[in-house]
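What follows is a single structure, written as structure tokens, with notes after it.
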Amino acid sequence: MRNPFNSLGILIAVVVAIVVASYTFFTVDPTEQALVLRFGQPVGDLISEPGLHVKVPFVDSAVYIDKRILALDNPRQEVLVAENLRLDVDAFVRYRIDDPLGFYRTVLTVQGANAQLSGMLNSALRNTLSDASVADIVRNKRETLMGDIRDTVKKGAERFGINVVDVRIKRADLVPENSDAVFRSMQAERQLRAAKIRAEGVQESQSITSKADRDVIVVKAQAQQQAEQIRGEGDAERNKIFADAYGADPEFFAFYRSMQAYETAFKGDTRAILSPKSDFFRYFSNPVPTPAPAATPAAP
Amino acid sequence: MSWNNQGGGPWRSPGQGPWGQGPTGPQPPSDLEEWLRRLQQGLRGLTPAGGGGGAGGGGGGGRLILVFALIALVVWFALGSFYTVQPNEVGLNLVFGRYTGKTAAGLNSNWPWPIGTVIKVPVFDQQISEVGYSSEAGGGDILAESQMLTGDQNIVNVHSRVIWQIDPAHPEDFVFNILNPRETVKAVAESVTREVVGLKTIDGVLTTDRTSMEPDIQKRMQSVLNDYHSGVLVLQVQLQSVDVPAQVVSAYRDLTAAPQDKQRAINDAYSYANKVVPEAKGAASRILNDAAAYKSQTILDAQGQTQRYNYISAQYKLAPGVTRERMYLETMERVLGGMSKTILDAPGASPPVPYLALEPSPEKPAGAPK
């Protein structure tokens, strides 16, 4: 019925159809948008809808441009801020290509866009931060400053078809020389506090020990006072006892007490020079008694 | 002006599923349908036998090609249309690059390649971003990341760990909306951590504010990432360590040791006091006891002496003269008995001549009265 040419013809037709189809249809991913260029000139609308699309084969070409949020991580910049301090600032930009045609005409590629944005970001960082103090950048006005930088970059990026979604300062740290000063002041501050705490310890310790010493002296003195009183009582009692006992016969007491006193006074190695005329020797050479006894002992 | 015409939303009728929609792109539907119809007609023309009877009689070469093409078509559909989604994943169906819907875990289908593609996203996996350090081998502290300024312009080293996952409600955002989402999460984590640390004082960061900082960082990160429509869910932020820099560690250690030193000084003082005061009390009671002893002794001694005296006195009253003489002599006997003695006649006479040496005194020459 059909000759082999017929089927060969079909084969050729299929191949040609595939080739033509591959140059006619193109797909757009959700992550991208496409421009159709005819000999370098854009034709038709921007294709932002993902899916299958057609163009004129062999004449038109499709250029894909990213639709996602893109990142520029800026390298560390040294920025001079108020009080002549220098900060190392890292910032990043998140942006989207909202106008692919403008983008394609001005910067062409993401690399080109990043180069432009990087320049704008650096000058925006310098201009915005130059008058701000470190305290403002780190704490007080961080959000406001980031907002100012974002607005500046956003405005500048519009002509590249770029919509800047966000600019954030990632790091804002003192340069190493300034950091050393911070370390020194941190160290000094801690040393001051440590010394104060230790001094408080010494202070308390002194007050405790001195109080203890005071207590010691007072306790002993009080005891001494009571002791003297007790001794005095004893002495008074003794005197009273003696007075009561000896008051009855003072003359005999004087004699008795003298005898006791001689005995205790001349104990031990005592040399006595005695007169033979003393009463003790009354009978020594003469057995006739002569009264009135008297002894003259003397210590050498 | 932007000339993207996304007004109607990019996805058309997502509920319809991949099969219902067909491979028609939004822009040239009529062309494509016609193309397909013509293809179908062509095929029908080539198979007059029709139906599923298979390739019955040996026809021409064209028929053979057709049979092969059909078999290839069936195999293509059978092998290419089905795929498995793991329990931790969600599948995203794309037809000619257009997102048509997500599929849950299990066996799913889509158009075979190159018409359809599937992106599987591990939405239930917990992802970890580390700031200031790396837990990988040879990582450790990354000084440039970890060192940050506090609000009172001190410097701390902060290591934090952000645990996040791809939002299961919006996995397409994560995949389609943002370039390098992982890096973005990390960059935002760094930025926000510094922002939050910058709001605190160093003492707060090191101690009291630590716990409140974690949810604060999480909240701020989530808000920034939501602004990016990144499809990222920040689950938790953990501050792994918050330390003072190595340069001032010794000063800080010294500061933490200081209260202990203070306490030690105070304790030493108390132990001194606890030793000295009781000792003094002991000494005081000794003094008092000594005094009491003296008092007792003195009184008893006096009483004893007076008692003795009273006895003697009573005897004396009975015979005063004799007793007196006896007492005198006995006393002198005892007193002079233990002495070395020199007896001199008339102390006024010159020169003093020893009258009687009762005992030689070797160490001192006799004579020289006092």
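In what follows, every chain begins at residue 1, and chains take the letters A, B, ... in the order their sequences are listed. These numbers were taken from a predicted model, which means no experiment stands behind them. These numbers come from the heavy atoms of this one structure, side chains and all, not from hydrogens, waters or symmetry mates.
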Contacting region of Asp268(B) [heavy-atom separation from chain A under 4.5 Å]: neither
Residue part contacting chain A, namely of Tyr316(B), when any heavy atom lies under 4.5 Å: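 The side chain, not the backbone.
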Polar side chain donor-acceptor pair, Asn310(B) to Tyr246(A), under 3.5 angstrom: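 Their side chains do not contain a donor-acceptor pair, so the 3.5 Å distance test is not met.
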Any side-chain donor near an acceptor of the partner, Arg231(A) and Tyr294(B), under 3.5 Å: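 Result is no, nothing qualifies.
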Step-by-step side-chain contact (heavy atoms from CB on, under 4.5 Å) determination, Arg171(A) to Gln147(B): CA-CA 9 Å; Arg171(A) 297 170 204 163; Gln147(B) 224 166 57; over 6 Å; no
Interface residue of largest heavy-atom contact number with chain B, from Phe252(A), Phe242(A), Tyr256(A), Phe92(A), under 4.5 Å: Phe252(A)
Among the listed options Glu233(A), Arg184(A), Gln260(A), Lys220(A), the residue most often paired with chain B at heavy-atom distances under 4.5 Å: Glu233(A)
Proximal component of [X], with respect to chain B [non-hydrogen, under 4.5 Å]:
{"X": "Glu32(A)", "result": "neither"}
{"X": "Arg96(A)", "result": "neither"}
{"X": "Leu174(A)", "result": "both"}
{"X": "Asp73(A)", "result": "side chain"}

Kindly indicate whether the side chain of [X], heavy atoms from C-beta on, has any atom under 4.5 Å from the side chain of [Y].
{"X": "Phe96(B)", "Y": "Asp29(A)", "value": "no"}
{"X": "Lys295(B)", "Y": "Glu237(A)", "value": "no"}
{"X": "Lys262(B)", "Y": "Arg198(A)", "value": "no"}

Measuring from atom [atom1] of [X] to atom [atom2] of [Y], what distance do you get when rounded to the nearest 0.5 angstrom?
{"X": "Ile202(B)", "Y": "Met186(A)", "atom1": "CD1", "atom2": "CE", "result": "3.5 Å"}
{"X": "Arg257(A)", "Y": "Gln305(B)", "atom1": "CZ", "atom2": "CD", "result": "6.5 Å"}
{"X": "Glu143(A)", "Y": "Leu199(B)", "atom1": "CD", "atom2": "CG", "result": "8.0 Å"}

Carboxylate-amine/guanidinium proximity below 4.0 Å for Arg98(B) and Glu49(A): no
Short N-O contact, Glu251(A) and Arg324(B), less than 4.0 angstrom: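 So Glu251(A) pairs with Arg324(B) through a salt bridge.
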Test salt bridge (charged side-chain N to carboxylate O under 4.0 Å, His left out) applied to Asp173(A) - qualifying residues, sequence neighbours left out: Arg194(B)
For Phe26(A), all residues meeting ring-ring contact (aromatic ring centres under 6.0 Å, His included), sequence neighbours excluded: His53(A)
Trace of the salt bridge (Lys or Arg N to Asp or Glu O under 4.0 Å) decision for Asp301(B) with Arg238(A): CA-CA 8 Å; Asp301(B) 181 53; Arg238(A) 171 187 150 96; 3.5 Å; yes
